[in-house]
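In this chain, residues are counted from 1 in sequence order.
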Amino acid sequence: MIAGARSRLTPGFALFSALVLCVAGCGGATPSLAPPGAVAPTAVARYQPAHDLGPLFHDAQMAPLFPDSKTLVDARPLGVPSAIAARYAEEQGRAGFSVLAFVQRHFALPRAAGEGFHTDTTRSMEEHIRALWSALIRPADAPTPYSSLIPLPNPYVVPGGRFREVYYWDSYFTMLGLVESGRTDLVRSMLDNFAHLIGTVGHIPNGNRTYYLGRSQPPYFAAMVGLYARATDSTQALRYLDALEVEHAFWMEGANRLARGAAHRRVVKLGDGTVLNRYFDDILEPRPESYREDYTLAQTVPAARRMDLYRNLRASAESGWDFSSRWMRDTTDLRTLETIELLPVDLNSLLYHAERTIAALRRLRGRAGDGEAAERFSAAAAARRRALLAAAYDPARGFFYDVRWRTGERVTDRPTLAAAAALYFGLATPAQARVVAARLERDFLKPGGFVTTLIVSGQQWDAPNGWPPLQWLAIEGVGRYGRGDLAGHARERWLALNRRTYQSTGKMTEKYDVMDLNRRAGGGEYPAQDGFGWSNGVALALAAQERPVEVGAVNPAKHAGGCLDLSLVTRAPLRPAPWTPTCRGQEQSRLTKRGSPAGTPSQPASRPAPPAPPMPHGSPRVGTSRGHHAASPAALVNTSSDR
């Protein structure tokens, strides 16, 4: 517990406790979305290190016993936590008592994910990554008493290093590489795990740890479902439709009750009545996995401001960009975080895509009421797009910015690579995309790829660092709007940096310094990690684009089970073969037989439809050397093109 309040629960603790209990089984809170045959979790209380260990937690974290605060919360108590806490209270006053020795005696300390893997740099980077998957795969979890790990029923890939659990938004970019490696079975098991979490928790947490339950991460579940559908066939997406809608409801909770100009949790209603979203967290206390850092920082602000600081720290963690000048009014001072005051362009682009995906799947399923529901989700997506383009796009500067929702002011003094999300998910008009791409080329493209921001703050999501997920969004985003030349240049620089680092260190790291190619990336609360899930996935996906593609060829490892499907994934993940009239006809026939309305799926790939940008859906990217295709929910239904 927080020092100075050890006997008093913080305002977020009651909700946190409910969430922890709910993950073990909240019968009736949300419908079960577990895959058929899954065993329902038993109703048991989950281990909460920051509260169950009493004063021991604070003392051990503040000592500090370990360089990384995450070590203690991932350590597994070897006995009942309350008994360990009582024993600590009894023994700590004795002469010669050592907190470190006590913890080592009563806890099993965690090991780094991927530890023990031996790199052979005579292999290519791609060969290394494929060999590394086995070291990063966790089998289905057996419930373990007194562990902060939330058990998952199917195997999954972890990022590596200190990140020993699954992470939400990381997994989309990891999946890109899994598909390229022919591991669609693992993609499906991870999707089933996320559906399991949605069905038992009500959302996908930051990661499968009890201390992450107060927040989520950028909602890539719809993009993951689309990726899997494309690698197999579109009907595979239908098994996740209910989960997609429950997750959407989590992000939109409270929207119907909001007054104009007000916010509730993750929703904000603007003055014109439209609703956009922000990042948030339900718990007002230090993050257990970064307890020492948060607690120490909070002691430097007045007590009345500490709860707001904790919420902003946690909301920043939900964004995945923890931390960045993007969220700081004073880019040198983390205490000036304003994350919950901002409408992020990337978050709202993701939710736009999710709404369109749900609408497309409702039409594809074709049950009673699905048509009306599809119209509602389509209308919500269109309203979100209109609102975001009006609020976030600055025509004078030719760029997308986060927006202060209370005033409507764009944060123009802190441009970031998050602007690429509006291109990746197809919200931008062609004219907007053209000037945004030019800005990215002029200001953000560096010797090693795209830089995250233009500010050097010492935070890890700032210059000089480049991050794999943002490379993918930016490279694919500019490519979908005809800037294949820029996409190719950025891809070449990023892969060259990846390969150079791999050859010199034997590692794939979570981030890279894209400005000084001889310097290892830094910043943040912990040392740069290797492994690394999303670096591996993006590297394999981009490297696949370097290979020539035989026109009409289909990779059976990726497309077994039906025609290549252009349905749901926002980006063409990995060298997809072009659509042919024969393939479209087969898919049309197969889907119609399954009961979808005739004529709705598999519209001709070249047919544009309003109201989104008039870039022909499914057309090759202009200027690319391989003729890759873009894809979106619009390929299932002829309602709009997100080009």
Side-chain angles (χ1 to χ4, degrees), residues 1 13 16-17 19-25 41-92 98-116 135-167 193 196-197 200-201 205-214 286-292 526 529 531:
M1 294 184 183
F13 179 57
F16 180 76
S17 299
L19 287 168
V20 171
L21 287 167
C22 186
V23 72
T42 56
V44 295
R46 294 288 179 188
Y47 168 56
Q48 310 162 42
H51 298 279
D52 290 352
L53 297 178
L56 169 60
F57 181 80
H58 175 83
D59 295 348
Q61 291 287 50
M62 297 303 296
L65 298 188
F66 309 105
D68 186 352
S69 292
K70 193 172 182 293
T71 302
L72 183 62
V73 293
D74 290 357
R76 182 173 57 83
L78 298 177
V80 178
S82 59
I84 294 174
R87 185 167 299 172
Y88 175 75
E90 178 185 339
E91 296 181 9
Q92 65 174 327
S98 166
V99 180
L100 177 59
F102 182 89
V103 168
Q104 290 173 333
R105 188 164 66 250
H106 291 285
F107 292 82
L109 299 181
R111 304 179 68 175
E115 183 179 69
L136 298 177
I137 295 172
R138 290 188 67 128
D141 298 310
T144 303
Y146 317 125
S147 172
S148 63
L149 189 73
I150 299 170
L152 296 176
N154 302 288
Y156 55 95
V157 177
V158 302
R162 75 194 287 266
F163 300 112
R164 310 168 185 92
E165 48 284 312
V166 77
Y167 282 81
N193 284 338
H196 169 80
L197 286 168
T200 53
V201 177
N206 187 145
N208 62 319
R209 293 279 182 182
T210 58
Y211 52 77
Y212 285 146
L213 284 170
R287 296 167 295 153
E289 75 281 8
S290 298
Y291 182 88
R292 180 176 65 256
Y526 54 86
Q529 302 293 296

### Query
Heavy atoms, side chains only, cut-off 4.5 Å: are Pro205 and Thr210 in contact?
no

### Summary
In short, Val158 meets Ala113 closest at the heavy-atom pair CG2-CB, 3.7 Å

### Task
Would you indicate whether the side-chain heavy atoms of Val73 and Phe57 approach each other to under 4.5 Å?
yes

### Query
Asn206 versus Tyr167: any side-chain heavy-atom pair under 4.5 Å?
yes

### Query
Which pairs pass salt bridge (charged side-chain N to carboxylate O under 4.0 Å, His left out) with one or both residues in residues 102-113, sequence neighbours excluded?
Glu91-Arg105, Arg111-Glu115

### Query
With a 4.5 Å limit on heavy-atom distance, are the side chains of Tyr212 and Glu289 in contact?
yes

### Query
Can you name the residues that form a side-chain contact (heavy atoms from CB on, under 4.5 Å) with Ala89, not counting sequence neighbours?
none

### Query
Mind checking what makes side-chain contact (heavy atoms from CB on, under 4.5 Å) contact with Ala108, not counting sequence neighbours?
Arg76, Leu78

### Query
Which salt bridge (charged side-chain N to carboxylate O under 4.0 Å, His left out) pairs, counting each pair once, include a residue from residues 139-153, with sequence neighbours left out?
Arg138-Asp141

#### Entry: Side-chain heavy-atom pair Arg209, Leu149 within 4.5 angstrom cut-off
yes

### Message
Run the side chain to side chain contact (heavy atoms under 4.5 Å, CB included) test on Leu72 and Leu65 for me, step by step, so that the C-alpha distance in whole Å, both residues' side-chain angles and the decisive distance to 0.1 Å come before the verdict.
### Response
CA-CA 9 Å; Leu72 183 62; Leu65 298 188; 5.7 Å; no

### Task
Search all heavy atoms of Pro139 against all heavy atoms of Tyr156 and return the closest pair with its distance.
O-CE2, 4.2 Å

### Message
Taking salt bridge (Lys or Arg N to Asp or Glu O under 4.0 Å) as the definition, give me every residue that meets it alongside Arg164, ordered by chain and number, with sequence neighbours left out.
### Response
Asp74

### Message
Could you work out, with side-chain contact (heavy atoms from CB on, under 4.5 Å) as the rule, every residue matching Ala75, not counting sequence neighbours?
### Response
Phe107, Leu109, Pro110

### Query
Is there a side-chain contact between Ile150 and Leu197 (heavy atoms, below 4.5 Å)?
yes

### Query
Would a 4.5 Å heavy-atom cut-off, applied to side chains only, mark Val201 and Leu213 as touching?
yes

#### Entry: Distance (rounded to the nearest 0.5 Å) between Asn154 CG and His196 NE2
8.5 Å

### Query
Can any side-chain N or O of Arg292 pair as donor or acceptor with the backbone N or O of Pro67 at less than 3.5 Å?
yes

### Message
Can a donor-acceptor pair be found, under 3.5 Å and without considering hydrogens, that links the side chain of Gln61 to the backbone of Ser69?
### Response
yes

#### Entry: Lys/Arg-Asp/Glu bridge criterion (N-O < 4.0 Å) met for Lys70, Glu165
yes

### Query
Which heavy-atom pair separates Tyr47 from Ser148 by the least distance, and what is that distance?
CD2-N, 3.5 Å

#### Entry: Approximate separation, where rounding is to 0.5 Å, of Leu53 CG and His106 NE2
11.5 Å

